[in-house]
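So the structure is just underneath, and the comments pick up after that.
Any value given below was found using the heavy atoms of this structure, including those in side chains, with hydrogens, waters and symmetry copies removed. Everything numeric here is computed off the predicted structure, so don't read it as measured data.
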Amino acid sequence: FRSIPTKKLFFRSHVTGYARKFEAVGKIEGGRLLGVRVGFDAHDLDTDLYARNDQMWNFCLGYKTNPRIEVSLPESSFTEGKELAESAVIRIRGVDKALPVVLSLARKGGRWIVDGTATTSFDSLSIPDPSIGVASVDGPIEIKFHLEDQAPAAHRSEEHTSELQSQST
């Protein structure tokens with residue numbers, strides 16, 4: 001994820017981060033994407049700066065009372081290689097929020113690849129503004145993700161079904 005500042009203050013901060021650990025499951029069957037869910041502990045989001053992480057975990061995400069963040073994609077029909085706009089649901093701070101996503105599905109090396117992007121904001125996710133003093137991080141939040149199925153087509157028992165399962169280590 002990346003947040004881009006928009007306020008004109010003395011110091012504006014671009015914040016880039018990632019989920020250190022996550023789980024992802026889903027299925028591609030024929031031309032349909034089914035049951036895709038991605039989840040991770042809020043405490044596993046990392047910006048590579050402890051003070052900023054602490055502010056994000058405690059103040060912004062309230063991880064002690066809402067430790068998990070989960071994203072669910074709706075069942076979708078797609079055409080390989082064409083972008084697909086969908087409305088996912090993100091459960092953050094214990095509340096479900098709409099998350100517009102753009103998906104791209106393609107086959108590479110016998111595997112299905114799902115790439116996605118989303119642009120949202122602290123306000124639309126009901127996350128308190130994390131700006132402190134003269135540093136601002138109020139701008140849009142850009143989210144990118146990449147999922148691959150676990151077995152090449154030659155190793156699947158059913159030709160038109162592909163399981164998307166991923167877990168970071």
Side-chain angles (χ1 to χ4, degrees), residues 1-27 33-78 82-106 113-148 164-169:
F1 66 91
R2 183 170 80 138
S3 177
I4 303 167
T6 58
K7 290 182 183 173
K8 295 184 188 252
L9 296 175
F10 178 74
F11 175 69
R12 296 183 334 160
S13 178
H14 291 263
V15 176
T16 302
Y18 58 96
R20 291 182 299 224
K21 296 179 193 174
F22 67 92
E23 305 86 41
V25 295
K27 186 183 287 190
L33 187 60
L34 307 165
V36 176
R37 292 182 324 276
V38 178
F40 51 91
D41 290 338
H43 200 258
D44 283 328
L45 288 177
D46 194 343
T47 65
D48 290 330
L49 181 63
Y50 182 78
R52 186 170 44 220
N53 287 347
D54 190 58
Q55 173 82 351
M56 174 180 61
W57 298 329
N58 291 299
F59 178 70
C60 296
L61 300 176
Y63 88 95
K64 289 180 182 171
T65 55
N66 299 291
R68 293 283 293 169
I69 297 173
E70 295 184 359
V71 178
S72 300
L73 295 172
E75 182 176 317
S76 306
S77 295
F78 67 90
K82 291 191 177 183
E83 287 190 343
L84 173 67
E86 287 290 350
S87 183
V89 174
I90 183 168
R91 176 168 279 271
I92 191 162
R93 296 179 59 95
V95 177
D96 289 344
K97 298 286 185 173
L99 181 67
V101 296
V102 176
L103 304 171
S104 174
L105 292 96
I113 308 292
V114 179
D115 286 311
T117 60
T119 301
T120 189
S121 67
F122 292 109
D123 189 49
S124 66
L125 296 176
S126 300
I127 295 175
D129 184 342
S131 300
I132 56 172
V134 295
S136 171
V137 287
D138 69 315
I141 301 168
E142 297 174 349
I143 302 168
K144 294 182 181 182
F145 58 91
H146 175 89
L147 302 172
E148 296 183 22
L164 291 170
Q165 292 187 342
S166 183
Q167 188 169 359
S168 65
T169 55

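- Residues forming a side-chain hydrogen bond (donor to acceptor under 3.5 Å, both in side chains) with S126 (at least two apart in sequence, or on another chain): K97.
- Put simply, CD on E142 and OG1 on T117 are 9.0 Å apart, with the number rounded to the nearest 0.5 Å.
- Partners of S124 by side-chain hydrogen bond (donor to acceptor under 3.5 Å, both in side chains), not counting sequence neighbours, listed by chain and number: T120, S121.
- Each of L103, V114, L73 was scored for a side chain to side chain contact (heavy atoms under 4.5 Å, CB included) with V36, with one residue passing: L73.
- Legend: residues meeting side-chain contact (heavy atoms from CB on, under 4.5 Å) with N53, ordered by chain and number and at least two apart, are D46, T47, M56, W57.
- Nearest approach of A98 to S87, heavy atoms of both residues: CB-OG, 3.9 Å.
- The CD atom of E148 sits 8.5 Å away from atom CG of D115, with the distance rounded to the nearest 0.5 Å.
- The shortest distance between side-chain heavy atoms of V38 and L147 falls below 4.5 Å.
- Note that CZ of R91 and CG of L125 are 13.5 Å apart. Values are rounded to the nearest 0.5 Å.
- Nearest approach of R68 to E23, heavy atoms of both residues: NH2-OE1, 2.8 Å.
- In this structure, the side chains of D48 and Y18 come closer than 4.5 Å at one or more pairs of heavy atoms.
- With sequence neighbours excluded, no residue forms a side-chain hydrogen bond (donor to acceptor under 3.5 Å, both in side chains) with D123.
- Take E75 and apply the side-chain hydrogen bond (donor to acceptor under 3.5 Å, both in side chains) test, not counting sequence neighbours, and it matches R32.
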Check against side-chain contact (heavy atoms from CB on, under 4.5 Å), I127 and R93: CA-CA 8 Å; I127 295 175; R93 296 179 59 95; 4.1 Å; yes
Residue pair L61, N66: steps toward the side-chain contact (heavy atoms from CB on, under 4.5 Å) verdict: CA-CA 7 Å; L61 300 176; N66 299 291; over 6 Å; no
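- Across F78 and L84, no two heavy atoms sit closer than the pair CB-CD2, 4.1 Å.
- Counting heavy atoms from C-beta outward, F40 and L45 have side chains that approach closer than 4.5 Å.
- When the salt bridge (charged side-chain N to carboxylate O under 4.0 Å, His left out) test is applied to R37, no partner is found at least two apart in sequence or on another chain.
- Inter-residue side-chain proximity for K64 and N58 is flagged as met; some heavy-atom pair is nearer than 4.5 Å.
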Derivation and outcome, side-chain contact (heavy atoms from CB on, under 4.5 Å), residues Y63 and D41: CA-CA 8 Å; Y63 88 95; D41 290 338; over 6 Å; no
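- Of all heavy-atom pairs spanning F122 and P128, the tightest one is CD2-O, 4.4 Å.
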